[in-house]
Amino acid sequence: MTDRVLIIGGGPAGLEAANQLNLLGYKPVIVEKDDTLGGHLAKWDRLFPEGESAETVLYKLIKPVEHTPVYLNTIVEQADKEGNHFRVKLSGGKEEIVSAILVCAGFSLFPAEKKEEYGYGIYNGVITSSDLEKWFKTGKGVNINNPSKVGFVHCVGSRDEKICNRQCSKVCCVTAVKQACEIKEKFPDSEVFCFYMDLRMFGRKYEDLYLKAQNKYRVRFIRGRVSEVSEDFTGKVVIKAEDTLSSKPLKVSLDLLVLMTGMISNSSIEELSGILSLNRAEDGFIEPADTITKMYDSGKEGIFLAGAVTGPKTIPETLSEARASALAIHNYLSNKAIQ
Amino acid sequence: MNRFGYRLSPSSQIDLDVSDNSLFRQILAGEPGISTCISCGSCVASCSAGVFDKISFRKALHLLEAGMDTEAVALLEGCMMCGKCTLVCPRGINTRHAIVLIKRKLNKG
Amino acid sequence: MIVEGKKKIWSEYQKDIPDDHYFYVRSCIRQNFFPASEKVFLDIVRDRLGLDFFETPHHTTCGGIAYHSDSIPQETLMTIVARQFALMTEAGYENYVCSCITSFGIYNEIINTWFHYPELEAKIRELLWEASKREFKIPKSVVHASDVIYKLRNKILENGKYRLVNKNTGEPLRVVEHIGCHYSKMFPSKGVGGAEYPYVLTGMAEAWGGTVIDYPERRHCCGFGFRQYLVQANRGYSLSNTHKKFESMAPFKPDMIITNCPGCPYFLDRWQYVIEELEGKTYGADSKGIPVFTYEEVAGLVLGYDPWDLGLQMHQTAVEPLLDKIGITYNKEDKYKI
Amino acid sequence: MRERIVFAFDPFVIPFTLGMVFIILYLSVGGFKIIAKLSAEEKMKLLKHTFSFAIFKTLWDIIADCLLHIKIFKRNIRLGYMHASIAFGWFMLIFIGHIEVMLYTPQRMGVLYYPVFFRYFVMKTHETLRGDFFFFLMDLFLLIVLSGVGIAIYKRFRSAIVGMKRTTKLRTGDKIALYSLWLIFPLRLFAESFTAGISGGSFLTISINRVFNTFATNESLIQPVWWAYSLTLGAFLFALPFSRYMHIPTEIFLIWMRNSGIRATSSRDGYAESEIYSCSSCGICIDACPMAVKSENSKLTSVYYLRLMRRRLPESMNHADKCLMCGRCVEMCPVEIDSCKLKVLKREEEISEKRLRMAYLSEVHTNVNKSDVLYYAGCMTHLTPVIYNSLFKILQKSGILFSFMDKDGSICCGRPLMLSGDTYSAKELIEKNRQTIINSGAKTLLLSCPICYKVFKEEYDLPGIEVVHHTEYINRLLNEGKIALNKSGKSFVFHDPCDLGRGSGIFEQPREILMKAGELRFASEERGKSHCCGGSLGSLSLDKEERNGITKAALATLFENNPDELVTACPLCYKSFKNINGKPTADIAQIVAEQMV
């Protein structure tokens with residue numbers, strides 16, 4: 001009998017893990033709470049650092065698993081361990097009996113309206129990075145019309161005790177630089193500002209992108225967190241920050257302000273971790289058994305983890321972790337078979 | 001006329017809506033490298049004259065970009081042109097050239 | 001501007017304002033700055049709307065100005081406040097309502113401090129006992145008098161004679177609302193509408209027919225800032241703050257400013273004159289200044305009080321153009337009657 | 001010999017005569033202007049020189065440089081011959097032409113065109129030995145000139161024949177003058193040959209006359225050829241001021257002024273002006289310039305700078321700023337134009353009274369521990385502590401007591417400021433350091449940085465104090481037996497820092513040290529011809545990539561003989577090479593410290 005593996009979440013981690021499990025000879029089943037596969041990637045236009053098309057990447061992930069069973073618009077309601085198996089009740093009355101569960105529930109974007117002072121949802125000129133990405137992809141959602149000044153606010157919902165998110169979301173810095181360059185490509189006459197606290201260009205070629213933003217696109221990087229946003233008489237967005245590098249308060253009126261919303265733990269993770277008895281850390285993400293050597297291990301027998309469910313991650317990191325988890329599941333199931 | 005004993009305090013705010021950084025842009029045209037500054041402070045740390053005076057190429061560049069030319073130039077007073085800052089700059093900015101250009105613009109302005 | 005977004009935030013920041021039986025404490029400085037406001041307030045809530053407001057002549061300052069000016073230590077401040085609470089307890093009230101925003105901030109700050117540091121509360125109880133043999137209960141609710149007017153805004157409108165509408169055009173008056181910093185910036189949840197988009201004055205202005213403008217420096221302090229004003233060497237900063245606000249609101253062409261703090265109307269009003277003297281600039285339509293009101297004064301105007309009974313002659317910036325705009329009848333000669 | 005044309009005039013002389021009048025006027029006005037620009041003091045120098053015995057030296061220099069081109073001969077025989085044959089040959093043609101006029105038609109002396117077109121205006125009445133002798137000389141020098149022109153034409157298409165990789169690009173004025181110059185002498189040959197039947201001639205002209213006579217006896221050809229000859233001369237003379245050939249008359253002026261002890265004090269004073277016009281655009285500096293390793297940077301070399309200066313174009317500023325000031329072009333310039341100086345002067349003019357002030361200088365103390373030897377690291381050596389640490393080991397081993405002048409931070413030596421054009425501020429630094437040095441009571445000022453060394457040597461007034469670079473000093477310690485070296489099996493190549501070698505003439509001492517330390521290998525371009533390391537503080541605007549290109553080119557010449565290790569004696573050279581060099585790079589002090597017995 002071929003072991004079935006339940007994959008919770010049809011984003012990059014879930015898709016890649018499904019592919020690997022297929023290749024290893026298992027029968028993965030994907031449960032996705034949304035009506036499409038791909039997670040956040042499906043809503044993205046281009047990826048850092050080199051501007052690869054998100055659609056192409058997603059195609060590469062979905063194509064190999066097109067025959068894998070997928071439950072869309074479905075969530076896990078109950079999971080019971082019965083001997084070597086899990087009896088998993090899904091919404092809509094369906095049930096799956098599986099040998100292992102892989103949690104790839106991903107993350108949620110920080111709801112920008114929680115940072116009231118930035119006026120998201122109140123001022124027309126204030127949008128989020130995902131709104132901008134959607135606009136890049138579809139030209140829809142927000143109205144961007146030849147802006148002359150555009151600002152990016154880094155760390156919105158990250159590194160901020162005030163909204164109870166201490167962690168760095170890791171990907172927003174480079175995303176902001178990427179989007180700033182894209183704005184300059186689309187509107188070469190515009191002036192673009194990035195308001196950052198630290199620029200965390202940790203990955204290969206990220207620094208190159210940053211350098212390009214500086215010397216090719218002349219994006220102006222201002223070190224200082226935006227303190228407040230308001231609207232002036234003409235409808236422009238007025239922002240205040242400190243230019244900490246010259247120790248002076250700073251004010252600028254912008255046509256468009258993009259909030260780099262950070263990654264927070266998935267809004268559904270509280271319920272899911274309850275169902276699966278997973279450990280959650282203070283920051284809301286799932287705590288793996290070992291944060292260095294076993295990121296894929298939930299600490300609960302038969303339940304594995306992959307991707308941003310254990311913290312903010314880039315797509316390549318997520319995919320590597322998905323492969324690692326698939327292999328861990330394979331080892332787990334093989335050992336069981338021997339026993 | 002001031003019979004109140006106080007007046008409006010001058011603002012230290014950088015107002016990018018009205019700031020005029022034309023000097024910065026002129027220097028940028030002559031030394032495009034300055035756009036790549038990452039404010040690491042190597043130039044200040046290595047400055048020969050910095051042992052004796054408040055000299056900060058990094059901060060001067062910032063103030064210049066904000067259009068605060070007088071304050072910026074004050075931070076370059078005393079530069080000995082030794083070029084150590086150029087040698088240590090991790091971005092390879094020709095800091096010395098930028099200073100020369102600023103000195104010259106001062107001359108013209 | 002997306003109004004729905006603001007409404008959503010307003011709906012999230014609602015606070016419980018008791019219906020009746022208040023222990024009312026006055027502000028130290030308002031009685032000098034805008035002497036009729038507190039009188040009018042009590043007149044409205046007690047006489048016109050028939051609510052129970054208890055006031056005792058034994059209450060003192062809350063100590064806030066001395067505290068914020070670094071003249072007295074926190075323990076002294078807390079003991080003064082404890083005495084006020086004791087007066088309330090002795091009078092058999094639980095709902096504490098104050099006229100002053102500084103006091104409102106002080107009360108909230110102290111109650112919260114005691115919540116986190118009960119040993120401090122115990123110490124203060126001891127100190128109060130030693131000093132005056134009094135005991136107190138922490139109020140069930142602490143609200144600001146503007147919260148009460150906010151709660152009663154529709155009742156006031158029902159009984160009202162005028163609306164904040166330009167009589168000639170029928171257009172709503174353009175209102176700048178300015179809350180005192182300590183109303184909700186210290187504890188956003190203690191203010192109606194929170195700190196970013198406070199609703200307490202907006203609610204009144206909108207209920208009474210006006211429209212509120214959202215200008216960039218709306219969050220900015222009026223300029224009082226305690227030490228900024230009280231020390232003459234710093235007074236330029238106070239003035240600069242006010243100046244900044246006026247520069248920011250001027251393009252929106254406001255008809256009037258409504259405030260809920262003792263200092264704000266004073267500084268927004270008086271500094272207009274100083275700015276004119278120093279800078280030669282007068283704000284407002286026809287360069288006649290932008291009249292500044294306390295919320296009680298506006299409520300009084302809406303209810304048809306005689307402007308001179310509201311003490312509007314005490315304002316630096318002339319109020320007559322606005323009265324004319326609303327269509328309020330008044331007798332010019334009565335302005336300086338004694 | 002007698003005149004054959006009435007009034008000794010023919011219309012064809014007009015183009016030449018006009019050209020000659022033009023050029024005489026032009027040169028007179030130009031010469032007057034240059035002299036007028038000189039200061040009173042300089043004029044006095046010029047006057048004194050002119051009426052002293054030294055003027056004979058000047059005359060010889062003019063003959064040697066302008067006619068015989070001895071310097072170019074030394075560089076490349078063919079190139080030297082090309083220049084000398086044309087210049088000296090032409091001069092002799094003019095000179096002998098005048099003698100002929102003087103002898104045969106003395107009544108025409110002073111007629112501008114007469115000596116030039118002598119053969120047209122005269123007819124041979126009878127043969128004399130004297131006449132034949134002059135005819136022979138004229139034909140001989142014409143042949144010499146023609147041979148030079150031949151080489152010149154060939155060089156235009158294949159410059160390698162005269163040892164040049166690259167030559168300059170021509171401008172319109174140059175082209176007119178050049179093509180006229182090419183044509184002048186063949187046309188003169190034909191003109192004189194065509195009339196040789198009448199005026200007589202020698203081996204060249206008579207022979208050609210005979211050859212032509214066999215198929216074209218038509219004398220109507222005579223006029224057009226003489227017209228053409230005159231026209232090309234006229235064209236040449238008119239184009240002269242707008243061409244590089246302006247160097248011919250100007251250089252005479254330059255040698256005269258230079259020998260009078262006059263030097264440029266601004267980028268455009270009288271002396272500078274004559275330097276600018278003395279450039280022959282030969283292009284030797286293109287190959288000399290380190291910046292030209294990148295071919296598109298050839299336009300940044302001195303010849304193009306001088307050309308921009310002639311045309312008074314503002315781009316000259318960029319050129320002045322780019323220059324590395326390595327002095328290689330000055331070293332190789334046949335006219336000895338000090339283009340580096342001209343560029344520094346140009347930079348100086350950009351600095352005004354509003355220059356940045358060094359208010360702190362008065363606060364800095366000038367006390368330093370007293371000792372005989374005072375060591376000054378300078379800004380750059382502070383970035384390469386390995387150099388002074390090695391040097392200190394050597395000094396300690398030698399038992400020499402020394403004090404470290406700028407241990408707690410340097411007041412810069414002033415040279416970078418001078419190179420940037422801010423001489424005034426540099427003087428302030430120099431004065432400050434001078435006080436410290438004098439206060440120290442030292443007898444020897446020891447330096448490890450050639451940039452500092454040059455300025456301490458040249459600009460500091462330090463009576464009784466010997467300024468010495470560590471290469472000299474270490475070599476002295478070795479020679480005195482205070483230290484000794486273990487000879488290793490390593491092979492070294494020595495890079496001559498610009499300011500140490502070309503700039504200060506120190507070539508032997510480092511090599512002597514290295515020969516004691518191991519095997520010294522040669523580089524193809526070394527000593528006076530050494531390439532700049534690319535790090536020079538001389539350049540104000542050269543960017544990192546351009547500098548790296550120069551460094552790589554320098555490394556390529558240094559490693560031609562495959563040494564194990566590159567040794568230099570300048571902190572800046574050391575830093576420039578270290579990161580790019582695939583093999584070990586060391587300062588000479590390091591080598592000595594490591595191999596000390």
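Keep in mind that the numbers below use all heavy atoms, side chains included, and drop hydrogens, waters and symmetry copies. We name chains A, B, ... by the order of the sequence lines, and we start the count at 1 in each one. Treat the numbers as computed from the prediction; the structure is a model and nothing was measured.
- Between atom OH of residue Tyr6(B) and atom CD of residue Gln232(C) there is a gap of 7.5 Å, rounded to the nearest 0.5 Å.
- A donor-acceptor pair under 3.5 Å is absent between the side-chain atoms of Glu279(C) and the main chain of Leu8(B), judged by distance alone.
- Applying the 6.0 Å contact sphere to NZ of Lys8(C) captures no more than 12 heavy atoms from other residues, nucleotides or ligands.
- Applying a 4.5 Å heavy-atom cutoff, the residues of residues 234-261 of chain C that approach chain B are Arg235(C), Gly236(C), Tyr237(C), Leu239(C), Ser240(C), His243(C), Lys244(C).
- By the neighbour-count criterion of 12 heavy atoms within 6.0 Å, atom NZ of Lys190(C) is sparsely surrounded, having that number or fewer from other residues, nucleotides or ligands.
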